[in-house]
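Notes to accompany the following structure.
Treat the numbers as computed from the prediction; the structure is a model and nothing was measured. Here, residue 1 is the first one in the sequence, and each next residue gets the next number.
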Amino acid sequence: MNVNASPVGTYAAMPSYYAASANPAPERIKLKGSHSFDICIVGGGFTGLSAALELVQRGFSVAVVEDQRVGFGASGRNGGQLINGYSRPLDFLAAKLGEDRARDLASVSLEGSAIIRERVARFGIACDLVDRSAVVALTDKQMRWLEGQANVWARYGHPGMQLVAGDGLQEIVRSSRYIGAMVDPVGGHFHPLNYLLGEAAAVEAMGGQIFESSRVLKVTEGTRPMIETAEGSISCDTLLLCGNAYLGDAKPELSARIMPVSSQVVTTERLGALAEELLPANTCVEDANYILDYFRRTADGRILFGGGVVYGGADPASIEGRILPGLLKTFPQLKGVRLDYAWSGRFALTLNRMPQIGRLSSNVWFSHGDSGHGVTTTQLLGRLLSEAIGGQMERFDVFASLPHYPFPGGRHFRVPLTVLGSLWYALRDRLGI
């Protein structure tokens with residue numbers, strides 16, 4: 001792995017760490033001319049490629065159309081953490097949706113991470129996959145909540161959550177900020193872009209076609225839906241819209257249902273033994289705050305640290321300014337350490353923080369809005385889309401029937417109103433209430 005280091009101050013013009021350390025991959029052709037496929041998928045990220053891989057295995061002719069390159073969006077820029085479950089805890093979902101619906105959601109809540117492991121093993125994807133994840137508590141109240149969550153997971157069929165404190169916590173993260181943790185042995189972390197590149201290669205090896213640098217400008221519904229780009233078009237029996245926060249105005253009625261949110265990530269220079277000292281068990285970590293930080297070791301001995309959400313999806317004036325205070329509060333040992341990479345990525349937020357999956361018509365399907373928990377959830381939803389297109393609707397309907405609501409204030413006021421709400425939760429984080 002050859003990653004060049006640059007001093008702080010020039011990082012804004014650099015690619016992400018993932019792009020700089022990506023496995024070799026071909027630059028795929030643009031969509032030109034008229035084509036016909038059984039299935040056309042818009043979006044070459046986690047959801048689109050997960051669905052494509054499932055569908056080519058079912059014998060469909062499949063085309064994936066990507067605006068930029070595979071993994072350009074949040075799928076190739078995220079923290080690389082395999083966090084099981086959803087952005088809403090299972091007991092919260094039970095209170096809002098009823099016990100039966102919560103059990104249905106719980107029954108598939110571990111499948112996304114299992115799909116990742118299954119594909120890494122089957123297709124030999126080199127993506128630095130490591131087991132275990134942890135949620136850490138900063139206060140006694142948060143620790144009591146984690147204890148309750150471990151019991152909730154056990155009640156819904158996942159009794160393996162481990163609560164640690166003291167010396168056990170120090171084996172996970174050497175930081176005085178935290179008092180305890182809940183460890184998930186079937187969580188983990190990986191290089192998300194390399195995983196995507198491996199999925200893309202598997203899709204193509206099975207006969208699927210991927211077009212890059214092909215922005216979809218128009219979507220036409222009908223007996224055979226059609227997508228159009230600047231230089232080409234595809235007609236198909238079934239169309240999947242999986243562009244998430246990067247879909248743009250190709251289908252405005254979908255974009256209106258979500259809010260783009262940006263998250264910021266930095267990686268340090270290579271730290272050698274210091275990285276192992278700070279995170280001895282090589283477990284990825286996120287904190288229990290509402291406005292949370294997340295971090296882990298990389299395969300080449302850096303600390304990757306993220307957070308600093310911006311509602312509306314804009315990049316902050318200074319990624320370093322957003323992230324560095326939390327990084328140094330967590331690991332004061334890193335004061336003066338160089339940041340080699342810093343970048344932003346947009347994910348799609350829904351009002352209820354649950355993914356939206358459904359149909360615009362009988363042959364136009366969509367999935368978006370994983371709300372910050374997309375690494376594992378997208379793998380599952382790609383499979384459920386494939387099952388539904390093949391006639392197996394039961395598991396798809398678990399998600400398609402979830403109630404969803406528009407953001408208050410419409411397109412113009414949804415961002416400021418959401419920011420006001422987030423400020424309240426951020427204040428609660430700081431006050432520990």
Side-chain angles (χ1 to χ4, degrees), residues 46-47 50 82-115 135 142 144-161 182 184 186-187 242 244-245 253-254 256-259 261 286 288-290 292 347-360 365-388 392-409 414 417-418 421-422 424-425 428:
F46 279 146
T47 307
S50 178
L82 280 63
I83 305 298
N84 289 302
Y86 313 103
S87 287
R88 294 298 196 191
L90 293 172
D91 53 341
F92 177 93
L93 295 174
K96 293 294 183 181
L97 304 173
E99 187 65 30
D100 290 344
R101 187 75 65 86
R103 289 204 173 275
D104 287 341
L105 292 166
S107 70
V108 293
S109 60
L110 304 181
E111 189 168 337
S113 59
I115 290 171
V135 183
Q142 288 182 353
R144 290 193 296 273
W145 181 77
L146 290 180
E147 291 166 357
Q149 287 303 298
N151 291 329
V152 168
W153 274 108
R155 191 167 78 240
Y156 286 104
H158 182 17
M161 293 293 190
M182 180 178 71
D184 183 356
V186 293
C242 305
N244 213 28
E253 59 265 47
L254 288 182
R257 301 184 187 190
I258 58 175
M259 180 192 299
V261 178
E286 66 174 7
N289 280 341
Y290 183 83
L292 59 84
F347 64 89
L349 187 75
T350 63
L351 186 62
N352 66 359
R353 276 32 175 197
M354 289 295 288
Q356 293 183 3
I357 187 170
R359 288 192 285 183
L360 296 178
W365 308 65
F366 69 90
S367 180
H368 64 196
D370 301 285
S371 300
H373 265 62
V375 172
T376 56
T377 307
T378 50
Q379 309 303 309
L380 167 67
L381 296 181
R383 177 168 285 178
L384 299 190
L385 282 165
S386 173
E387 289 177 358
Q392 302 166 271
M393 299 293 295
E394 294 82 6
R395 301 203 311 162
F396 173 88
D397 285 341
V398 169
F399 287 88
S401 62
L402 292 177
H404 292 285
Y405 309 97
F407 281 93
R414 62 182 175 174
L417 289 174
T418 305
S422 69
W424 162 243
Y425 284 105
R428 292 181 61 182

Student check: side-chain heavy atoms of R257 and F366 closer than 4.5 Å: yes

Set of ring-ring contact (aromatic ring centres under 6.0 Å, His included) partners for F347, sequence neighbours left out: none

S107 side chain to D104 backbone, donor-acceptor under 3.5 Å: yes

By side chain to side chain contact (heavy atoms under 4.5 Å, CB included) - contacts of V375 (at least two apart): F46, N78, L82, I116, F190

Distance in Å, Q356 CD paired with D370 CG, rounded so as to fall on 0.5 Å steps: 10.0 Å

Minimum-distance pair of heavy atoms, taken over all atoms of S50 and G382: OG-CA, 3.7 Å

Partner set under side chain to side chain donor-acceptor pair (under 3.5 Å) for E147, not counting sequence neighbours: none

Nearest heavy atoms of R88 and N352, plus distance in Å: NE-O, 3.3 Å

F396 side chain reached by E387 side chain, heavy atoms, under 4.5 Å: no

Heavy-atom side-chain proximity of S109 to Y156 below 4.5 angstrom: no

Heavy-atom side-chain contact between L292 and V135 under 4.5 Å: no

For P159, side chain to side chain contact (heavy atoms under 4.5 Å, CB included) partners two or more places apart: A154

Heavy-atom side-chain contact between L381 and P355 under 4.5 Å: yes

Pairing residues for S87 by the side chain to side chain contact (heavy atoms under 4.5 Å, CB included) criterion, not counting sequence neighbours: R353, S371, H373

Closest approach of H368 to L254 (non-hydrogen atoms, all atoms of both residues): CE1-O, 3.5 Å

L90 CG to R155 CZ distance, which is reported to the nearest 0.5 Å: 8.5 Å

Residue pairs passing the side chain to side chain donor-acceptor pair (under 3.5 Å) test where at least one lies in residues 376-386, sequence neighbours excluded: E54-R383, R58-S386, E111-R383, E118-R383, R119-Q379, Y195-Q379

Pairs satisfying salt bridge (Lys or Arg N to Asp or Glu O under 4.0 Å), at least one member in residues 89-102, at least two apart: E99-R103

pair L110-W153: side-chain heavy atoms closer than 4.5 Å: yes

Partners passing salt bridge (Lys or Arg N to Asp or Glu O under 4.0 Å) against E394 (at least two apart in sequence or in another chain): none

Partners passing side chain to side chain donor-acceptor pair (under 3.5 Å) against N84 (at least two apart in sequence or in another chain): S113, D184

Residues forming a side chain to side chain contact (heavy atoms under 4.5 Å, CB included) with R359, sequence neighbours excluded: W365, M393

Option passing side chain to side chain contact (heavy atoms under 4.5 Å, CB included) with L402 (candidates L105, I357, L93): L105

Inter-residue atom distance Q142.CD - N289.CG, 0.5 Å rounding: 5.0 Å

Between NE2 on residue H404 and OG1 on residue T350, distance to nearest 0.5 Å: 6.0 Å

